[in-house]
Amino acid sequence: MQERPILLIFDVDGTLTDSAGLTRVAYEKAFIDIYSIANSTKNINPYGLTDPLIFREILKNCNLTEDGFNEQFNRFSKLTSFHLKRELDLSDKPRLHNGIAHLLFKLEQNDQIYLALGTGNVELNARLKIEIHGVNKFFPVGGFADDAEDRTTIIKTAYQRASDYYKIQFSKQNTWVIGDTDHDINCGKAINANTIAVATGVYNNEELESYNPTAVFTDFTDFKRFVNIINNNEIPHTL
Ligand SMILES: [Mg+2]
């Protein structure tokens, strides 16, 4: 096995978890609480966007102004977390994507591999979504929508926080940003990291290939291929 530290920054929605549409339910319930408007997320594509950016889209969708945006967002975010927790508690549909539980278990056993979250969720929501599956313990640090509205800044924060927490200056060559959308891929490239795209979200392999990540996976059931890729032992997958 390799003798250099490798940092893996994982997205949450569509990458680690399938929250069975409950995030959208929580957003809409929070929006009804504050603005008394139903179906507020209709026609909005939230995939790969950060929570504050999604909230801006919802405001626009409902012809509401962004006046006092931070205050509006904070109120919305608190209520979203409240509803999300309730929805997650009540439903048996949320799940980890295929292969994730085994992948995390195996990665933890490798003392040269370090994990972080890099997600457009506020931290509380990200933690709620993964805690129900017992995998928070794998991610002591991360970058979240509490840190920035812009996903690239979130990923930079995840990298810096992981470097500080683990007390390791990870090389960018050995840093991997892992996600299910073009936004994850573009942010990884923006910090000069390698990227892995996984087709467990809304995009298929061909669509993800078009953004030229370092590698594309259908899902993470092939642990050996994953380890080969992050050790740079395999030629990047092309269709
Ligand atoms: Mg995602």
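One-based numbering, in listed order, for ligands and for the atoms of each.
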#### Entry: Pairing of Asp18 and Lys93 as salt bridge, 4.0 angstrom limit
no
## Note on the structure
Shortest non-hydrogen pair, Ile154 vs Gly120, comes out as CD1-CA, 4.4 Å
### Heavy-atom check, side chain of Tyr203 versus side chain of Val216, under 4.5 Å
no
### Message
Strictly under 2.8 Å, how many protein N, O or S atoms lie near the Mg ion (ligand 1)? Waters don't count.
### Response
3
### Query
Do Lys189's NZ or CZ and the ring of Tyr211 fall within the cation-pi criteria of under 6.0 Å and 45°?
no
## Note on the structure
Closest heavy-atom pair, Leu64 versus Phe31, reported as atoms and distance to 0.1 Å, is CD1-CZ, 3.6 Å
### Task
Taking all non-hydrogen atoms of both residues into account, name the closest pair between Phe170 and Ser163 and its distance.
CD1-OG, 3.9 Å
